[in-house]
Amino acid sequence: DTGVSQDPRHKITKRGQNVTFRCDPISEHNRLYWYRQTLGQGPEFLTYFQNEAQLEKSRLLSDRFSAERPKGSFSTLEIQRTEQGDSAMYLCASSLSGGSDTQYFGPGTRLTVL
Amino acid sequence: SQQGEEDPQALSIQEGENATMNCSYKTSINNLQWYRQNSGRGLVHLILIRSNEREKHSGRLRVTLDTSKKSSSLLITASRAADTASYFCATDGLIYFGRGTQLTVWP
């Protein structure tokens, strides 16, 4: 257990539905990252926050994806109008800026879009 | 942001053997880190090596860094079935990962 938690761990939804995932980072970490990972691939960067500011977004983050970190603590990732291609593991990680850049990953949320 | 690329993509060995996997990157770095991922789980940090270090040990892990060749290697000695996992390297910023090396250790 790294101290980063994600909820839910598994989500099955029908195409077209909206889903929201939550990540709770290690409490003193000011940076929070979201990644997506499909089978046989490494994690693909989606976006990251420093405190409540969203500093970088990948081109992978289409208009259907939105992430928030309203108080600089937990974060949510919402996918609207899900598509089968959104099926993946969604990973959250946190780190402390000014440190070694070590990221601590949560267990992930496995999304299956039927 | 920088990207690490791991090699080989897959490695299959017997318990007790050593496993070596490599990482290449493209630009200068401050540090390089190795992570492990068990199937269906999040990534776990293994070891960090700084750009002014050439070798680092942690238990059965040995990491080397050659900044002139922009490469690193991870050696796992006396491997165990529990070492079966995917291994990733990542450089400063850690935003872009390669596909990893899938290590399988047979009992």
Side-chain angles (χ1 to χ4, degrees), chain A residues 1-7 9-11 21 23-26 29 31-50 54-61 87-112, chain B residues 1-11 21-25 27-53 56 58 61 63 65 72 74 85-104:
Chain A
D1 184 1
T2 62
V4 179
S5 61
Q6 292 187 246
D7 183 68
R9 295 290 305 277
H10 302 274
K11 179 71 177 178
F21 310 140
C23 171
D24 286 89
I26 294 171
H29 285 184
R31 287 185 175 172
L32 187 148
Y33 306 78
W34 284 100
Y35 295 87
R36 181 176 70 186
Q37 187 177 26
T38 53
L39 198 61
Q41 302 294 317
E44 298 173 294
F45 168 74
L46 292 178
T47 188
Y48 98 93
F49 293 83
Q50 178 149 319
Q54 189 173 17
L55 296 187
E56 191 166 339
K57 292 196 294 186
S58 162
R59 288 171 296 174
L60 294 173
L61 213 65
S87 294
M89 175 77 87
Y90 290 84
L91 295 166
C92 172
S94 70
S95 70
L96 188 60
S97 63
S100 63
D101 294 325
T102 298
Q103 293 188 14
Y104 295 85
F105 282 79
T109 294
R110 169 76 65 189
L111 173 66
T112 302
Chain B
S1 51
Q2 307 203 31
Q3 182 173 25
E5 290 290 345
E6 300 85 1
D7 173 69
Q9 286 192 20
L11 183 59
M21 53 205 87
N22 304 296
C23 169
S24 59
Y25 57 92
T27 59
S28 61
I29 61 171
N30 292 316
N31 63 64
L32 184 143
Q33 305 187 45
W34 284 90
Y35 284 79
R36 183 186 74 208
Q37 184 179 35
N38 290 88
S39 180
R41 309 294 294 273
L43 279 73
V44 174
H45 178 255
L46 292 177
I47 193 167
L48 176 150
I49 186 165
R50 301 192 186 282
S51 59
N52 62 352
E53 297 175 312
K56 198 163 183 179
S58 177
L61 305 180
V63 170
L65 180 64
S72 173
L74 172 66
S86 292
Y87 291 82
F88 297 90
C89 65
T91 56
D92 305 358
L94 300 175
I95 293 179
Y96 296 101
F97 291 85
R99 289 187 176 185
T101 292
Q102 172 60 53
L103 173 66
T104 303

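Residue numbering restarts at 1 for every chain, and letters A, B, ... go by the order of the sequence lines.
Of the listed residues (B:R99, B:Q37, B:E6, B:R41), the one with the most heavy-atom contacts under 4.5 Å to chain A is B:R99.
Only the side chain of A:Q37 comes within contact range of chain B, with heavy atoms under 4.5 Å apart.
More than 12 non-hydrogen atoms from other residues, nucleotides or ligands lie less than 6.0 angstrom from CG of A:L55.
Heavy-atom minimum distance, A:P43 versus B:L43: CG-CD1, 3.8 Å.
The ring-ring contact (aromatic ring centres under 6.0 Å, His included) check on B:Y87 picks up nothing, with sequence neighbours excluded. Partners of A:D7 according to the side chain to side chain contact (heavy atoms under 4.5 Å, CB included) rule, which considers only residues two or more places apart in sequence or in another chain, do not exist here.
A:Y35 and B:F97 have perpendicular rings, their planes meeting at more than 60° on a 0 to 90° scale where under 30° would count as parallel.
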